[in-house]
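Lettering follows sequence order; numbering is per chain, from 1.
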Protein chains: 2
Amino acid sequence: MSRPQPHKRATVHDIAAAAGMSRGTVSRVLNGGYVSAEARAAIETAMSDLGYVPNNAARALKMRRSQAVAFVALEPHSLFLDDPNIGSIMLGANAALSLADHQMVSLVVESARDTERVARYLSGGFVDGAIVVSARTKDPIIRVISDLSLPAAFVGHPPDLDQNIPFVGIDNVGSARAITEHLATGGRRRIGMIAAALDRDSGIDRLAGFRAALGPLFDADLVADVPHYDYGSGVKGMRDLLERDPSIDGVFAASDAIAAGALEALRDAGRSVPGDVGVVGFDDSTWAVRCQPQLTTVHQPAKEIGSCAAQLILRQLRGEHPDPGGQLLPTPLVLRDSA
Amino acid sequence: MSRPQPHKRATVHDIAAAAGMSRGTVSRVLNGGYVSAEARAAIETAMSDLGYVPNNAARALKMRRSQAVAFVALEPHSLFLDDPNIGSIMLGANAALSLADHQMVSLVVESARDTERVARYLSGGFVDGAIVVSARTKDPIIRVISDLSLPAAFVGHPPDLDQNIPFVGIDNVGSARAITEHLATGGRRRIGMIAAALDRDSGIDRLAGFRAALGPLFDADLVADVPHYDYGSGVKGMRDLLERDPSIDGVFAASDAIAAGALEALRDAGRSVPGDVGVVGFDDSTWAVRCQPQLTTVHQPAKEIGSCAAQLILRQLRGEHPDPGGQLLPTPLVLRDSA
DNA sequence: TACGGATGTGTGAACGTGCACACAGTAGGA
DNA sequence: TCCTACTGTGTGCACGTTCACACATCCGTA
């Protein structure tokens, strides 16, 4: 069986031979060191003549550094399709890694098969670290990363996360509380919530903040529980709430996409927003300004979250130990028209 | 300067020593060959005791195969944030590569700095091939890939694409023509278009199809030209068209996101859809069913496009030469409520 | 008995790189 | 004169893996 050889590529040997120098000198041209002007010139012309590109796999093997960092998106199906947030986090992380001359490679995990392959990939020396987004409690990838002791940073923090792994996120409890209070201050009496993703810390915490804000006025009957942060869930959740209590006059949606869905359900039911019902969202994503009326929401600094996670990795690569515990970024309220 | 050593990891040597065997036997346990049951057992316990994971960088160096394929998204800023299509293409490609036990790694190119680094990465032996999405005419990445003669597949085809590089896409001209004809058949007289991305083949071809469908009825004054396939562009483009000709009664939007924006502008202008104005989109993305009314549109088989691109790569890796020219996937019309 | 094949195992040489070391020549100061 | 410092270059080794080859053993058969 003959392996298909994609391309016969020049190596340091070939360059050295063509320039009449030794491998060491070629290496010094590439990585710095004492090289005479003539030698450098000869080697550089040889490199461009032969179209030399260094083999990073060999370099990674020798240096134990690949200059690449993985961005692992778990169960991104709905995320990529409905939640613009993860895109922003990715772009933020990429920008920060790019400045440090690291390549971000993002890996998608959808199936068990993917999990295993990604684990192999992460442990294989192709990357120096990993940013993990949207891990659920008991996610097998958490164990894999702990076992490998690969430099890592999580976005959000599953409760069973290893103490030594740093994370970055937002204060979901506090932000949810703040936006709920805004709704209450506006004079709303019957305030409900469309809670989502209660298998993740973000979902649990947003519900906790909502509950804390209302205190004794909290009514468990006014909480609709939907699986995902997406538009369709918003429509369904809002219909549900309207059925349970037609006198509802305020809704906190766990995401902007959900809020957008809720607006549709309210429109169908003939309720005006913000006249009859005040609606607030969460994320300040592109959804927020697309809606009619535009959403009052919690700004989630997605780009900063991404770049912050990247910094956590870069710091570990410099040998610094990250502060234990997490880093929480501020989340200002954004007041628009929906409440 | 001491390099931060993330982890002292076991190698085949260590396993061999622990099991009282030689490296070769360990390799055979991993890659198949004649191994006695006792030897296999001893080595397997040694592997699990020492927590052995093979070093892919070393394997890639030796085998000249990394079992990884890059997914290069060019200028994804607006793509990731506004266009759910690219997410679907990614997931489709990942699924296909996953079945063939290849890791998909996606790379984001936003700046010139990114282009250079990605080029280095692609040529460095970390990946066996590359899927390139959303390349513009004269994109430097095209040259890089041609020069490397790295197995590649493009999604869409910039006109200056190397003849030898296969691509996958849809018949933008034909689909645009078909949906425009649907609009005309419905009895609309003054039909306009919100054309976008006229610096890419997709944008140019959709406009060409529109023009072909209308024939002599085509009126250049009823074409609004916007830069991107996003919601905001749709709002602007529609306002523009209404101003140019208030009697307009049909609109072909170059994407669903644009169509959604157009719906908003029409609502603001007090026009009913489909009563006063018929609107059709393109993509059949999540936008299409989120709108009020839901969009009549062209179904773009994004997942299939992704998996098809993946197949093109896998075929090249098996040493087969791909058919020159491209592969076009069918794009059925989806009739909903907006026209 | 001798031979060929199947099965099982060890050894050496690569893959392409970077670094430590060795060595050579020059210059300056004690 | 000798020692040191600096500049410039070549060589050997290691990174962790796989593969080709050599070798060893066992069995069935001519």
(request) Calculate the interatomic distance between B/L61 atom CG and D/dA14 atom P; express it in whole Å. (result) 17 Å

(request) May I ask you to say whether B/R200 pairs ionically with B/D139, meaning some side-chain N is under 4.0 Å from a carboxylate O? (result) no

(message) With a 4.0 Å cut-off on N to O distance, would you call A/D14 and A/R23 a salt bridge?
(response) no

(request) Look at the side-chain N and O atoms of B/N31 and state whether any lies under 4.0 Å from the OP1 or OP2 oxygen of D/dT18. (result) yes

(request) Look at B/T25 and C/dG10 and indicate whether a side-chain polar atom (N or O) is within less than 4.0 Å of OP1 or OP2. (result) yes

(message) Any base atoms under 4.0 Å from A/A39, or only sugar-phosphate, or nothing? Heavy atoms, all strands.
(response) sugar-phosphate

(request) In whole angstrom, give the distance that lies between atom CE of B/M47 and atom P of D/dT17. (result) 11 Å

(message) Under 3.5 Å, is there any donor-acceptor pair linking the side chain of A/R23 to the base of C/dG18?
(response) yes

(request) Examine C/dG8: is either OP1 or OP2 under 4.0 Å from a nitrogen or oxygen in the side chain of B/R40? Give yes or no. (result) no

(request) Please tell me which of A/K62 and B/R28 maps to the more 5' nucleotide of DNA chain C, matching each residue to the nucleotide holding its nearest heavy atom. (result) B/R28

(request) Measure from the side-chain heavy atoms of A/L30 and tell me the nearest of D/dG16, C/dG18, D/dT9. (result) C/dG18

(message) Judged by each residue's nearest nucleotide on DNA chain D, which is more toward the 5′ side, B/A58 or B/G24?
(response) B/A58

(message) Is there a side-chain contact between B/S22 and the phosphate of C/dG10, meaning an N or O under 4.0 Å from OP1 or OP2?
(response) yes

(request) Report the C-alpha separation of A/L122 and A/V127 in whole Å, then their side-chain angles, then the decisive distance to 0.1 Å, and conclude whether the side-chain contact (heavy atoms from CB on, under 4.5 Å) test is met. (result) CA-CA 6 Å; A/L122 291 179; A/V127 293; 3.9 Å; yes

(message) To the closest 0.5 Å, what do you measure between CG (B/L61) and CZ (B/R64)?
(response) 9.0 Å

(message) If I take atom NE2 in residue A/H13 and atom C1' in nucleotide D/dT11, what distance separates them, rounded to the nearest angstrom?
(response) 11 Å

(request) Starting from P on C/dG18, measure out to CZ on A/R65 and report it in whole angstrom. (result) 15 Å

(request) Nearest whole angstrom, please: distance from the C1' of C/dG18 to the CD1 of A/I43. (result) 15 Å

(message) With a 4.0 Å cutoff (strictly under), does any side-chain N or O of B/S27 reach OP1 or OP2 of D/dC19?
(response) no

(request) Any chance you could measure A/E116, atom CD, to A/S111, atom OG, to the nearest 0.5 Å? (result) 10.0 Å

(message) For B/R143, is the CZ atom crowded, meaning more than 12 foreign heavy atoms sit under 6.0 Å from it?
(response) no

(request) Using atom CG of B/D14 as one end and atom C1' of D/dC15 as the other, report the distance to the nearest whole Å. (result) 13 Å

(request) Let me know the distance between CZ of B/R59 and P of D/dT18, rounded to the nearest Å. (result) 5 Å

(message) Does C/dT7 have OP1 or OP2 under 4.0 Å away from a side-chain N or O of B/Y34?
(response) yes

(request) Check every atom of D/dT9, D/dC15, D/dC19 against the side chain of B/M63 and return the nucleotide holding the closest atom. (result) D/dC19

(request) For D/dT7, take OP1 and OP2 only and decide whether either is under 4.0 Å from a side-chain N or O of A/S36. (result) no

(request) Could you tell me the separation between the CZ atom of A/R9 and the P atom of C/dG16, rounded to a whole number of Å? (result) 9 Å

